[in-house]
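Contents: one structure, followed by commentary.
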Amino acid sequence: MHKHQGNLFILSAPSGAGKSTLYKALIGQDDKVRISISHTTRAPRTGEEHGREYYFIDDESFLDMIAEDAFFEHAQVFDHYYGTSKKSIFSMLEQGLDVILEIDWQGARQVRQLYPEAIGIFVLPPSLNDLEKRLTQRATDTTEVIQRRMAKAVSEMSHYHEYDFVIVNDDFDVALSQMAAIFTAMRAKTPIMQEKHGNLINDLLSL
Ligand code: 5GP
């Protein structure tokens with residue numbers, strides 16, 4: 001058991017399931033929850049800010065961080081590196097904050113190996129029809145493009161059973177309250193309460 005009071009959550013979903021809207025709403029109502037910000041070597045897009053969407057760094061710095069074993073997990077996506085630094089996560093967990101990692105099932109496997117206490121949540125869309133609607137970004141999208149996105153989503157969803165919790169994002173408010181309930185319940189796990197309320201527990205047992 002790590003000496004951290006916060007919990008680490010892995011949040012995965014196929015794109016189009018509404019995962020980011022969910023975690024943003026949760027963060028908006030629970031000041032003990034944070035999203036992990038990744039490092040990347042890709043250039044910022046218009047509107048993106050260093051330290052908000054990503055920490056934007058150059059290749060050399062990224063490779064240095066790999067050599068220093070600074071990453072919790074990292075991957076090469078297209079021509080760029082992406083990774084989650086250990087330091088940023090552990091400092092938040094040590095402050096008692098819950099941290100969400102928004103990663104796919106492959107990243108989730110890497111994280112579970114390093115940190116088996118990580119709690120996995122998988123978000124599913126309410127139907128294939130609904131997913132297709134949400135994946136159709138423009139009227140000009142060809143059937144082929146949409147079918148490719150759907151196939152990728154189905155392949156991601158086939159890993160749902162590797163997670164501790166599943167949320168079907170049909171009614172948004174219901175999905176959000178389920179997510180909030182998971183976070184609340186995980187804070188009451190016995191090892192966490194032992195750490196947090198050690199003095200109280202000693203007192204109560206010292207008659
Ligand atoms: P984008 O460049 O569009 O922001 O992200 C490209 C891809 O990189 C997405 O699939 C995203 O999920 C993935 N990605 C972003 N951050 C990380 C990270 O820290 N680790 C891993 N493994 N993938 C990431």
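Order of appearance sets the numbers: ligands from 1, and atoms from 1 within every ligand. Computed from a predicted structure; not experimentally measured.
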Phe71 vs His39 aromatic rings, parallel, tilted or perpendicular, using cut-offs 30° and 60°?
-> perpendicular
NZ/Lys32: more than 12 non-hydrogen atoms of other groups inside 6.0 Å = no
Which heavy-atom pair separates Arg149 from Asp141 by the least distance, and what is that distance?
-> NH1-OD2, 2.9 Å
Nearest protein heavy-atom contact for atom 7 (C) of ligand 1: which residue, which atom, what distance?
-> Val77 CG1, 3.8 Å
For Met157 and Pro125, which heavy atoms make the closest approach, and how far apart are they?
-> SD-CD, 3.7 Å
Beyond-backbone contact of Met179 with Phe165, side-chain heavy atoms, under 4.5 angstrom = no
Among protein heavy atoms, which lies nearest atom 24 (C) of ligand 1, and at what distance?
-> Tyr82 CB, 3.6 Å
What is the closest protein heavy atom to atom 19 (O) of ligand 1, and at what distance does it sit?
-> Ser38 OG, 2.6 Å
For ligand 1, is any non-hydrogen atom under 4.0 Å from Arg42's backbone (N, CA, C, O), its side chain (CB onward), both, or neither?
-> side chain
Heavy atoms of the protein only: does one fall short of 4.0 Å from atom 5 (O) of ligand 1?
-> yes
Considering residues, nucleotides and ligands other than Asp203, do more than 12 of their heavy atoms fall under 6.0 Å from its CG?
-> yes
Would Gly107 count as a contact of ligand 1 if the rule is a heavy atom under 4.0 Å away?
-> no
Say whether Ser158 and Ser155, considering side chains only, have a donor N or O and an acceptor N or O under 3.5 Å apart.
-> no
Heavy-atom nearest neighbour in the protein, as seen from atom 3 (O) of ligand 1, with distance rounded to 0.1 Å | Arg45 NH2, 3.0 Å
Non-hydrogen atom of Tyr54 closer than 4.0 Å to ligand 1 | yes
Using a 4.0 Å heavy-atom cut-off, say whether Glu48 meets ligand 1 through its side chain, its backbone, both or neither.
-> neither
Tyr163 six-ring face occupied by Arg112 cation (under 6.0 Å, within 45°) | yes
Using a strict cut-off of 4.0 Å, indicate which atoms of ligand 1 neighbour a heavy atom of Ala75.
-> 22 (N)
Does Gln110 reach ligand 1, in the sense of a heavy atom lying below 4.0 Å from it?
-> no
If you count the atoms of ligand 1 from 1 in the order shown, which ones are under 4.0 Å from a heavy atom of Gly83?
-> 18 (C), 19 (O)
Can you find an N or O of Glu73 that's nearer than 3.5 Å to an N or O of ligand 1?
-> yes
Parallel, tilted or perpendicular: ring planes of His159 versus Trp105, cut at 30 and 60 degrees | parallel
Angle class for the His50/Tyr55 ring planes (parallel below 30°, perpendicular above 60°, tilted otherwise)?
-> perpendicular
Ligand 1 atoms in contact with Thr84 (distance to a heavy atom under 4.0 Å) = 19 (O)
Any N or O of Glu102 that comes nearer than 3.5 Å to an N or O of ligand 1?
-> no
